[in-house]
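Reviewing the structure listed below.
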Amino acid sequence: MRLATWNVNSIRARVGRIVDFAQREGIDVLAMQEIKCTPAQFPFAAFEEAGYHVEAHGLNQWNGVAIASREPLEDVELAFPDMPGFAKGHEGPDQPQEARAMGATVGGVRVWSLYVPNGRGLGDPHYVYKLDWLGALAQYTRDALARTPDLALALTGDFNIAPTDEDNGDPTIVPGLSTHVSEPERDAFRALEAAGLADVVRPLVPTGFTYWDYKQLRFPRNQGLRIDFILGSRAFADAVTGAAIHRDERKGDAPSDHVPVVVDLDTAAPDEDDDVPMIFG
DNA sequence: ATGTCGCGAAGATCGCGA
């Protein structure tokens with residue numbers, strides 16, 4: 001199975017380019033973020049004509065996530081447990097959840113398409129929201145893997161965190177002053193790893209960014225960020241056979257500011273009669 | 001020049017979010 005994640009920055013503005021990519025690259029499951037529309041506005045037909053089922057979740061022109069899949073999506077969820085909400089100017093409990101998460105099961109894998117809150121600024125309520133949101137995501141991960149240790153779980157999406165200094169090539173993003181690179185955000189990312197997940201792309205694609213701001217010639221200067229990830233549980237990571245970051249998708253007409261991140265999985269069912277036993281670790 | 005995008009609402013530009 002070939003699984004991809006892509007912050008598309010509006011599905012309607014570039015649906016042709018996205019479906020073309022999925023078909024050309026043989027993507028079986030495509031987790032999308034920032035679709036920027038409601039399901040009523042989503043261009044389902046373009047995906048269906050290309051052989052994909054799609055589940056979309058969007059409340060307005062902001063955020064929004066979706067998953068397209070060649071096989072039907074099962075057990076779709078539109079939030080993880082205790083996912084915090086946010087409403088500007090209305091800090092406190094009981095804020096409405098945004099359209100930032102979708103979980104679905106396909107090919108034996110529990111896949112999440114996640115659009116982690118940006119944070120906006122180190123002193124901003126949105127930054128507190130970001131850290132709370134990531135904390136609840138880590139708790140979900142711990143609970144899910146405690147309940148089912150051999151679960152093939154994949155958290156994919158735009159995490160809005162550059163986990164190491166090597167993941168930040170944007171000179172305007174400064175440790176100590178900027179979101180995406182602060183220690184609390186990096187701690188929150190490491191907490192996901194401590195919960196039982198691993199970045200399954202970095203071992204196969206050690207360097208390279210996944211996002212370049214539209215402004216200031218960031219892409220021609222290659223001043224980007226690595227902020228889009230596929231984090232997998234042990235059972236998921238053990239099935240990974242390849243990975244790619246499709247930098248070329250930042251080129252050409254009307255690109256998203258993010259590019260797709262792809263992994264290949266060997267999802268052949270274990271065979272009890274196989275002469276060669278499966279060996280882990 | 002916070003210099004680019006995308007969206008919606010207003011109304012042929014602006015505010016918001018990133």
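Order of the sequence lines sets the chain letters (A, B, ...), proteins ahead of strands, with each chain counted from 1.
- Residue A/Arg218 has no polar side-chain atom (N or O) positioned under 4.0 Å from OP1 or OP2 of B/dC5.
- A/Lys36 and A/Asn9 share a side-chain donor-acceptor pair at under 3.5 Å.
- One P atom belongs to B/dC16, the other to B/dG3, and the distance between them is 15 Å to the nearest Å.
- Listed nucleotides B/dA18, B/dC5, B/dC16 differ in distance to A/Trp62; the shortest reach to its side chain belongs to B/dC16.
- With B/dA18, B/dG8, B/dG6 as the choices, the nucleotide that has an atom nearest any side-chain atom of A/Glu34 turns out to be B/dA18.
- Considering only side-chain N and O atoms, A/Arg12 lies under 4.0 angstrom from the phosphate OP1 or OP2 of B/dG8.
- When the C1' atom of B/dG3 is taken as reference, atom CG of A/Asp257 falls 16 Å away, rounded to whole Å.
- As rounded to whole Å, 13 Å separates atom P of B/dC16 from atom CG of A/Asp124.
- The CG atom of A/Leu59 sits 14 Å away from the P atom of B/dG8 (whole-angstrom rounding).
- For A/Gln216, taking side-chain heavy atoms from C-beta onward, the closest of the listed nucleotides B/dG3, B/dC7, B/dA18 is B/dG3.
- Between A/Phe189 and A/Phe159, the angle of the ring planes goes over 60°, which puts this pair in the perpendicular group of the 30/60° scheme.
- Defined by atom type and a distance below 3.5 Å, a donor-acceptor pair is missing between the side-chain atoms of A/Trp212 and A/Asp170.
- Within the 4.0 Å cut-off from OP1 or OP2 of B/dA18, not a single side-chain nitrogen or oxygen of A/Lys215 is found.
- Nucleic acid contact for A/Arg221: none, since no nucleic acid atom lies under 4.0 Å from a heavy atom of the residue.
- Spacing between atom CD of A/Gln61 and atom P of B/dA10 amounts to 12 Å, rounded to whole angstrom units.
- Rounded to an integer number of Å, the gap from A/Asn9 CG to B/dC16 C1' is 14 Å.
- Within 6.0 Å of CD on A/Gln97 lie more than 12 heavy atoms contributed by other residues, nucleotides or ligands.
- Counting any heavy atom pair closer than 4.0 Å across all strands shown, A/Gln41 reaches sugar-phosphate atoms only and no base atom.
- The NE2 atom of A/His258 sits 11 Å away from the P atom of B/dA18 (whole-angstrom rounding).
- Nucleotides B/dG15 and B/dA10 have their C1' atoms positioned 11 Å apart, rounded to a whole Å.
- The phosphate of B/dC7 has OP1 or OP2 within less than 4.0 Å of a side-chain N or O from A/Ser10.
- Other residues, nucleotides and ligands place no more than 12 heavy atoms under 6.0 Å from the CG atom of A/Asp82.
- In this structure, A/Tyr211 reaches neither bases nor backbone, as no heavy-atom distance under 4.0 Å exists between it and the strands shown.
- Separating the CG atom of A/Leu225 from the C1' atom of B/dA18 is a distance of 12 Å, rounded to the nearest angstrom.
- B/dG17 atom P lies 17 Å from atom CG of A/Asn7, rounded to whole Å.
- Aromatic ring orientation, A/Phe42 versus A/Phe44: tilted (interplanar angle from 30° to 60°).
- Where A/Asn63 and A/Tyr214 meet DNA chain B, the nucleotide closest to each residue was compared, and A/Tyr214 sits on the side nearer the 5' end.
- Residue whose closest nucleotide on DNA chain B sits further toward the 5' end, between A/Arg120 and A/Pro255: A/Pro255.
- Across the P atoms, B/dA18 and B/dA1 are found 25 Å apart, a figure rounded to whole Å.
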